[in-house]
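As structure tokens, the structure follows; a few thoughts come after it.
No experiment lies behind these values; they were computed from the predicted model shown.
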Amino acid sequence: MKPTPIPQDGWTDEDIGREVILKMPYGTLVHDRIVFINSPDGSQLIGPATELGALAARMSYVIPILHAHDEYIMSMDDNTEGGTNE
């Protein structure tokens with residue numbers, strides 16, 4: 001069993017549904033399939049289900065964290081407006 005080479009220009013629509021073998025960082029070979037997901041910005045991502053599943057999971061956590069961070073920064077700005085600079 002040999003790992004499937006990653007296309008130089010990345011995965012395309014034509015690859016969706018294709019069976020592949022991934023080589024994980026420590027050498028484990030995993031049977032997988034090329035799929036697509038829609039990212040939060042509306043773009044389509046194409047790649048192995050294992051990789052896109054990990055990205056989707058990260059996005060589900062990262063986006064709320066980024067929003068909370070932005071709200072916190074804005075609240076800090078609101079608290080410093082009108083203050084004195086000594």
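- Contact detail for Ser39 and Leu45: the closest heavy-atom pair is CB-CD1, 4.1 Å.
- Scored by the side chain to side chain contact (heavy atoms under 4.5 Å, CB included) test, Ile16 finds Asp13, Phe36, Ile46 as partners (sequence neighbours excluded).
- Taking hydrophobic clusters as Ile, Leu, Val, Met, Phe, Trp and Tyr residues chained together by side-chain heavy-atom distances below 4.5 Å, Leu52 does not share a cluster with Met24.
- The hydrophobic cluster containing Leu29, built from Ile/Leu/Val/Met/Phe/Trp/Tyr side-chain heavy atoms closer than 4.5 Å, also comprises Met1, Ile21.
- Under the salt bridge (charged side-chain N to carboxylate O under 4.0 Å, His left out) criterion, the residue pairs touching residues 23-37 are Glu19-Arg33, with sequence neighbours excluded.
- Applying the salt bridge (charged side-chain N to carboxylate O under 4.0 Å, His left out) criterion to Asp15, with sequence neighbours excluded, gives Arg18.
- Partners of Tyr72 under the side chain to side chain contact (heavy atoms under 4.5 Å, CB included) rule, at least two apart in sequence or in another chain, are Ser75, Met76.
- With sequence neighbours excluded, no residue forms a salt bridge (charged side-chain N to carboxylate O under 4.0 Å, His left out) with Glu14.
- In this structure, NE2 in His69 is found 4.0 Å from CD1 in Ile73, a value given to the nearest 0.5 Å.
- Legend: residues meeting side chain to side chain contact (heavy atoms under 4.5 Å, CB included) with Ile65, ordered by chain and number and at least two apart, are absent.
- No path of Ile, Leu, Val, Met, Phe, Trp and Tyr side chains, each step under 4.5 Å between heavy atoms, connects Ile37 with Ile34, placing them in separate hydrophobic clusters.
- Residue pairs meeting the salt bridge (charged side-chain N to carboxylate O under 4.0 Å, His left out) criterion with at least one member in residues 56-74: none, sequence neighbours excluded.
- Nearest heavy atoms, Trp11 versus Pro48: NE1-CD, 3.6 Å.
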